[in-house]
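Everything on this sheet refers to the single structure shown next.
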Amino acid sequence: MKSEKYCAKKNKSKSKKKKNKHFSLAGVAVNYGLKFLSFVLVVLVANLTLLKAGVAQAYFNDGFEPASIAFTAGTLSFVATGSDFSANITPIENSISTVTMQNTGTLDFIYQVQIANVATSTFCGALELKDNISGVFMPLSSYVSATSSFSILPAVSLEVRLVYSDQLLIGKSCQFDLVFTGWQTDFVDATLGFSDTKTVSVIITAGEWLEDPSFSPTVVADDVIINELMWMGSNGDLADEWLELRNTTNYNIDISGWQLTNLIGASNTENLMITIPNGKVIPANSFFLISNYSEASSSISVIPDLVNSDLVLRDTDLKIRLYKDSWLASANLIDTAGDGSGATLNGSSTNFYSMARNNFPRDGVLAANWHTYIEASSTVLYWDVGRTERGTPGASNFAEEDGLIIEEPIIIEEPLIDETATTTEEIIQENEPVEETADENNPLDTEVVIDNPDSPTSEESDLSENEAENPSVSESSDDQAPAELVDESLLAITNKSAEVAPVTPVPDGDGSD
């Protein structure tokens with residue numbers, strides 16, 4: 001009995017403990033369940049709060065965008081609308097145009113106006129532009145406005161004036177682009193934040209006017225350029241340097257008081273080199289030669305317009321600047337030749353060939369706008385007899401790079417009458433022409449022969465080769481001295497002159513070639 005009671009009590013105790021264990025697990029489950037429900041309620045409340053907030057405004061987002069949130073960015077966009085300038089601009093009547101902007105975005109913006117794609121013509125170069133932002137006239141080709149904001153100035157008024165009075169400009173037109181660039185008001189320029197660019201193409205045309213002899217044109221950049229430099233001197237005299245200016249306009253330009261600077265010292269400091277004396281004028285479409293030596297002392301056979309021993313052209317770090325008045329005022333800068341860094345842009349100190357500007361000048365700081373003058377005809381035309389240097393001091397840069405050389409001599413279609421050749425002093429200095437006759441059955445080539453006994457005899461072979469290629473060349477008397485044939489490029493230039501009659505080469509005294 002005792003044993004059975006003990007077992008029953010023991011079993012009852014185990015059963016009670018098991019029941020308590022079940023109660024404890026149920027409590028834990030309830031506790032965790034309540035916590036989960038609390039978390040769900042918090043999430044629901046947070047979502048309801050976000051839904052209540054509506055649309056959030058922002059400029060940027062990080063890519064995370066719950067379905068209940070819409071992020072939008074402010075926009076910067078505008079439209080620029082303008083028209084051509086009023087017609088019939090004259091030296092006394094300016095031309096007006098207005099460009100209106102419309103803000104098609106949500107942000108205010110700062111903007112600036114610049115010129116692009118303006119033609120390199122005399123008429124375009126004679127125009128100056130002013131706006132109602134900066135309020136001052138500037139050369140059209142280099143015009144840049146000050147900045148303004150759309151909210152303050154939503155339209156730009158533009159005024160153009162003509163600074164030349166030459167009637168050759170009548171009826172001329174100039175087309176160019178006005179480029180409007182806008183950016184956010186809280187940034188210094190268009191490189192940061194949002195920006196937009198609009199282009200308005202316009203055209204301006206010249207009317208008619210009477211010539212005013214008292215009119216004095218305003219000289220702007222590129223009207224006068226540094227056209228050619230013999231920075232290496234001549235063969236045997238490195239100080240035999242010269243520099244050539246070119247008037248690119250149809251007007252005479254008074255250069256009295258103009259100044260040229262160069263760089264000096266290891267630090268390449270700009271220094272006044274030459275002040276041009278009073279009374280110096282460059283005629284329309286002509287040249288002005290400045291030389292370190294006079295013609296008698298120089299290797300060139302051209303009389304300089306100005307001889308000044310202060311002319312110094314460095315072989316390295318060359319940069320020459322031309323100012324239309326005092327060089328201390330940067331606004332007076334007219335042109336620059338060379339970049340002032342390292343080797344000279346062009347020219348040859350080995351062969352003594354000049355550094356010549358391309359026919360269309362453009363920026364003189366860039367090597368691409370220069371070439372080394374290589375045409376052999378220039379040696380005969382512009383240098384002393386026996387010289388080998390090449391360049392065209394005081395004359396156009398007729399160079400192959402400009403496409404101005406005629407490769408083949410021009411042949412006259414009609415036979416010429418027997419006559420004595422006219423002198424060629426204007427074409428070939430210090431040489432006498434040879435009197436020749438023409439074969440009526442064979443037209444003469446337009447060739448020029450120079451009787452120059454001092455020339456090297458090695459060039460006689462050139463004559464023989466040329467006669468072989470031109471069987472129409474006739475023979476003359478036996479008492480004539482051997483003659484030389486000029487470079488073909490010289491013949492091409494000579495053919496341009498109606499004053500020079502063609503002649504034929506003279507054979508040796510024995511009648512052989």
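Hydrogens, waters and symmetry mates play no part in the numbers below; they use all other heavy atoms, side chains included.
Of the possible donor and acceptor atoms, one in the side chain of D335 sits under 3.5 Å from a partner among the backbone N and O of I226. Using modelled atom types, no side-chain atom of D325 and backbone atom of N332 make a donor-acceptor pair closer than 3.5 Å. Judged by distance alone, with hydrogens and angles left aside, the side-chain atoms of T75 form a donor-acceptor pair with the main-chain N or O of T106 at under 3.5 Å. Under a 3.5 Å cut-off, the side chain of W242 and the backbone N or O of L229 do not form any donor-acceptor pair. Using a distance-only test at 3.5 Å, with no hydrogens or angles considered, a donor-acceptor pair links the side chain of W383 to the main chain of G391. Proximity of a side-chain donor or acceptor of S297 to a complementary backbone N or O of S294 within less than 3.5 Å is not detected. A distance-only check finds no donor-acceptor pair linking the side chain of N271 to the backbone of N262 [under 3.5 Å]. Under the 3.5 Å distance criterion, the side-chain polar atoms of D131 are matched with a main-chain donor or acceptor of S134.
Under the 3.5 Å distance criterion, with hydrogens and angles disregarded, a donor-acceptor pair is assigned to the side chains of N268 and R314. A side-chain N or O of S298 and one of D240 form a donor-acceptor pair less than 3.5 Å apart. Side chains of Y293 and D237: a donor-acceptor N/O pair is present below 3.5 angstrom, by distance only. No donor-acceptor contact under 3.5 angstrom links the side chains of S145 and Q112, judged on distance only. Side-chain atoms of T104 and S77 form a donor-acceptor pair, as typed in the model, at a separation below 3.5 Å. Defined by atom type and a distance below 3.5 Å, a donor-acceptor pair is present between the side-chain atoms of D108 and S151. Under 3.5 Å, the side chains of S256 and D254 contain a donor-acceptor pair of N or O atoms. For D177 and N117, the side-chain atoms include at least one donor-acceptor pair closer than 3.5 Å. Side-chain N/O atoms of T205 and S173 include a donor and acceptor closer than 3.5 Å. Between the side chains of E244 and N227, at least one donor N or O lies within less than 3.5 Å of an accepting N or O.
Rounding to the nearest 0.5 Å gives a distance of 7.0 Å between OG1 of T392 and CZ of F287. Distance check: I253 CD1 to N247 CG gives 4.0 Å after rounding to the nearest 0.5 Å. Rounding to the nearest 0.5 angstrom, the gap separating the OG atom in S299 from the CD atom in E389 is 5.0 Å. The CZ atom of F176 lies 10.0 Å from the OG atom of S201; values are rounded to the nearest 0.5 Å. Atom CH2 in W258 sits 5.5 Å away from atom CG in L322 (nearest 0.5 Å). Atoms OG and CZ, on S348 and R390 in that order, are 10.0 Å from each other to the nearest 0.5 Å.
A 4.5 Å side-chain heavy-atom check between K324 and V220 finds every atom pair outside the cut-off. Looking only at side-chain heavy atoms (C-beta outward), D84 and S97 stay at 4.5 Å or farther from each other. With contacts defined as side-chain heavy-atom distances shorter than 4.5 Å, the pair L243/E228 does not qualify. At a threshold of 4.5 Å between non-hydrogen side-chain atoms, the residues T199 and F180 do not count as touching. In this structure, Q102 and T81 have side chains that are not in contact, with every pair of non-hydrogen atoms separated by 4.5 Å or more. Side-chain atoms of I290 and D305, non-hydrogen and from C-beta on, never get closer than 4.5 Å to each other. Within the 4.5 Å cutoff, the side chain of L158 has heavy atoms near those of the L129 side chain. Proximity of M101 to V79: side-chain heavy atoms (C-beta onward) are nowhere separated by under 4.5 Å.
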Would you check, one step at a time, whether the test side chain to side chain contact (heavy atoms under 4.5 Å, CB included) holds for T248 with N285? CA-CA 5 Å; T248 65; N285 299 302; 5.8 Å; no
Chi angles and distances behind the side chain to side chain contact (heavy atoms under 4.5 Å, CB included) call for V202, Q175: CA-CA 6 Å; V202 294; Q175 186 171 356; over 6 Å; no
Can L381 and T379 be said to form a side chain to side chain contact (heavy atoms under 4.5 Å, CB included), step by step? CA-CA 6 Å; L381 291 171; T379 302; over 6 Å; no
Step by step, work out the side chain to side chain contact (heavy atoms under 4.5 Å, CB included) result for T372 and M355. CA-CA 5 Å; T372 299; M355 170 177 161; over 6 Å; no
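Pairing each heavy atom of E208 with each of I170, the nearest pair is CG-CG2, 3.6 Å. The shortest heavy-atom contact between N359 and R246 is O-NH1, 3.3 Å. Looking at every heavy atom in both residues, E159 comes nearest to F137 through O-CE2, 3.5 Å. Looking at every heavy atom in both residues, D315 comes nearest to M232 through OD1-CA, 4.1 Å. Closest approach of I300 to P393, counting heavy atoms only: CG2-CG, 3.9 Å. Across all non-hydrogen atoms, the minimal contact from P304 to S291 is CG-CB, 3.6 Å.
Annotation for I203: atom CD1 counts as buried by contact number, over 12 foreign heavy atoms lying within 6.0 Å. A 6.0 Å sphere centred on CG of L333 holds more than 12 heavy atoms belonging to other residues, nucleotides or ligands.
Evaluated for a side-chain contact (heavy atoms from CB on, under 4.5 Å) with L127, the options V163, L169, L140 yield exactly one hit, L140.
Taking the six-membered ring where tryptophan is involved, the planes of F109 and F78 are essentially parallel, since the angle between them stays under 30° and well short of 60°. By the 30° and 60° cut-offs, the orientation of the rings of H371 relative to Y373 is tilted.
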